[in-house]
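Single-structure report; data block below.
The structure presented is a predicted model; accordingly, all values stated were derived computationally and were not measured. Here is how names work: the chains are called A, B, and so on, in the same order as the sequence lines, proteins then strands, and each is numbered from 1.
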Number of protein chains: 2
Amino acid sequence: MESISQLFKALGDQNRLRVVAALMEYDELCACQLTELLQITAATASRHMGVLVACGLVRSRKESRWVYYRLTQESRPLLEMLDWLSRQLANDATVKQDRIKLAAITSCDKNELCKKYTC
Amino acid sequence: MESISQLFKALGDQNRLRVVAALMEYDELCACQLTELLQITAATASRHMGVLVACGLVRSRKESRWVYYRLTQESRPLLEMLDWLSRQLANDATVKQDRIKLAAITSCDKNELCKKYTC
DNA sequence: TGCATAGTTAGCCAATTAGCTAACTATATA
DNA sequence: TATATAGTTAGCTAATTGGCTAACTATGCA
């Protein structure tokens, strides 16, 4: 019960929903890319990612200074939830806009991007 | 996006999850029964039910003094979500305890029950 | 080694939320 | 008609949460 409500709470925030939607379309995204997508500070993005990691939806790996996040996709219930979410958000206006932004964000060279986008 | 996050927010509270779990097992429950189940005041229960009604998961009908709530089950996405939830909560400890309490609550005569349980 | 950079954590603030009590509304009853 | 009853709404309190800035940690580079 507690883990279920935590999962719902995690997804009850629109910025976090946008993150999950983005990670459903990209294998992996860097913290700076997500920060840029959401147009919030790195500190806030980091906290949101902490919530998603804590509820099991997302996991991270570090590569030198860069932290990459991806969906865990390791449990059947979470996969089913993501499938449901994918269908509900397929034609969502915000997600559509994010797709365009993400195409631009991910087409930048990583060093250039992180230099440009951090704080 | 907004309605999705509202749905997740609604389900992000444990008492509201318990209500939805109860309504998955009983066609319809009276406000006083839910109040008794959750062991909170009628005012708080009423507010929780307002949240569930607002996000579309639950609807109510009034019969003299009594207000009955039931799951709407009128949209495919919500049905799928309830199916998912039903599977995740099938063996949940809290839901199991609630089943026992609900059996007792629903076996009471309504007038007796409302007299006994309100406030 | 000192400075720069990416990301995290701590703490502050404002907004939101779950609990409560009291007041209110709608219905029943003596 | 006055009182009782079931449920809702308003408002208060404490806790939580999303935003921020500043400080901190880990890594890179001159």
Side-chain angles (χ1 to χ4, degrees), chain A residues 1-2 5-19 28-55 58-69 105 108-119, chain B residues 1-2 5-19 28-55 58-69 105 108-119:
Chain A
M1 177 66 86
E2 170 78 23
S5 68
Q6 288 305 115
L7 174 65
F8 283 122
K9 265 192 199 140
L11 293 172
D13 175 75
Q14 286 194 44
N15 275 340
R16 290 201 288 273
L17 268 180
R18 291 169 68 195
V19 165
E28 188 170 70
L29 290 168
C30 177
C32 62
Q33 292 170 321
L34 296 169
T35 299
E36 171 65 12
L37 173 67
L38 301 179
Q39 292 290 305
I40 52 178
T41 66
T44 304
S46 183
R47 190 141 67 169
H48 280 309
M49 296 318 294
V51 173
L52 291 173
V53 167
C55 77
V58 168
R59 71 171 196 264
S60 67
R61 71 177 176 94
K62 192 149 180 160
E63 189 174 297
S64 76
R65 297 186 207 157
W66 288 279
V67 177
Y68 295 89
Y69 294 96
I105 289 171
C108 286
D109 173 61
K110 190 173 62 184
N111 283 315
E112 199 56 39
L113 176 145
C114 288
K115 201 186 315 178
K116 178 177 181 184
Y117 293 122
T118 304
C119 303
Chain B
M1 175 69 84
E2 170 78 22
S5 69
Q6 287 306 116
L7 175 65
F8 282 122
K9 264 193 201 144
L11 293 172
D13 176 75
Q14 285 195 43
N15 275 341
R16 290 202 286 274
L17 268 181
R18 288 169 71 195
V19 166
E28 187 170 72
L29 290 169
C30 177
C32 60
Q33 291 171 322
L34 295 169
T35 299
E36 171 63 13
L37 172 69
L38 301 179
Q39 291 290 304
I40 52 178
T41 65
T44 305
S46 182
R47 190 141 68 169
H48 281 309
M49 297 317 295
V51 174
L52 290 172
V53 168
C55 78
V58 169
R59 72 170 196 263
S60 66
R61 70 175 177 97
K62 192 150 180 154
E63 191 173 298
S64 75
R65 295 188 207 153
W66 288 279
V67 177
Y68 295 89
Y69 295 96
I105 290 171
C108 285
D109 172 64
K110 190 174 59 184
N111 282 316
E112 199 56 36
L113 174 146
C114 286
K115 202 186 321 176
K116 182 175 177 183
Y117 292 122
T118 302
C119 303

Round to the nearest Å and state the distance from [X] atom [atom1] to [N] atom [atom2].
X: A/Q14; N: D/dG19; atom1: CD; atom2: C1'; result: 15 Å
X: A/L38; N: D/dG18; atom1: CG; atom2: P; result: 12 Å
X: B/L34; N: D/dT8; atom1: CG; atom2: C1'; result: 15 Å
X: A/L29; N: C/dG7; atom1: CG; atom2: P; result: 12 Å
X: B/R18; N: C/dA18; atom1: CZ; atom2: P; result: 15 Å
X: A/M49; N: D/dG19; atom1: CE; atom2: P; result: 13 Å
X: B/R61; N: C/dT27; atom1: CZ; atom2: P; result: 14 Å
X: B/Q39; N: C/dA18; atom1: CD; atom2: P; result: 19 Å

List, with names and distances, any nitrogen or oxygen atoms from the protein found under 3.5 Å away from nitrogen or oxygen atoms belonging to nucleotides 10-17 of chain D.
{"unit_1": "D/dG11", "atom_1": "O6", "unit_2": "B/R47", "atom_2": "NH2", "d": "3.4"}

Please give me the minimum heavy-atom distance between [X] and [Y], naming the atom from each residue.
X: B/L17; Y: B/L11; answer: CG-O, 3.3 Å
X: B/E63; Y: B/R61; answer: OE1-NH1, 2.6 Å
X: A/K9; Y: A/R16; answer: O-NH2, 3.4 Å
X: A/A10; Y: A/V51; answer: CB-CG1, 3.8 Å
X: B/C55; Y: B/Q6; answer: CB-O, 4.2 Å

Which comes earlier along DNA chain D counting from the 5' end, the contact point of B/A31 or that of A/G12, where each point is its nearest nucleotide?
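Its nearest nucleotide lies further toward 5', so the answer is B/A31.
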Tell me which of B/S46 and A/H48 sits closer to the 5' end of DNA chain D, going by the nucleotide each one is nearest to.
B/S46
Return no unless some side-chain N or O of A/Y69 is found under 4.0 Å from OP1 or OP2 of C/dT8.
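Yes, because at least one side-chain N or O of A/Y69 sits under 4.0 Å from OP1 or OP2 of C/dT8.
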Would you say D/dG18 has OP1 or OP2 under 4.0 Å from some side-chain N or O of A/T44?
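Result: no.
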Would A/H48 and A/I40 count as a side-chain contact (heavy atoms from CB on, under 4.5 Å) here? Give the steps.
CA-CA 11 Å; A/H48 280 309; A/I40 52 178; 3.8 Å; yes
Strictly under 4.0 angstrom, non-hydrogen atoms only: write out the protein contact profile of nucleotides 25-30 of chain D, one letter per nucleotide from the 5' end, B, S or -.
--BS--
Who pairs with B/R59 by salt bridge (charged side-chain N to carboxylate O under 4.0 Å, His left out), at least two apart in sequence or on another chain?
B/E74
So do B/Y69 and B/V19 actually touch side chain to side chain, heavy atoms under 4.5 Å?
no
Check whether any side-chain N or O of A/S46 sits under 3.5 Å from a backbone N or O of A/A42 as a donor-acceptor pair, and report yes or no.
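No, because the side chain of A/S46 does not come within donor-acceptor range (under 3.5 Å) of the backbone of A/A42.
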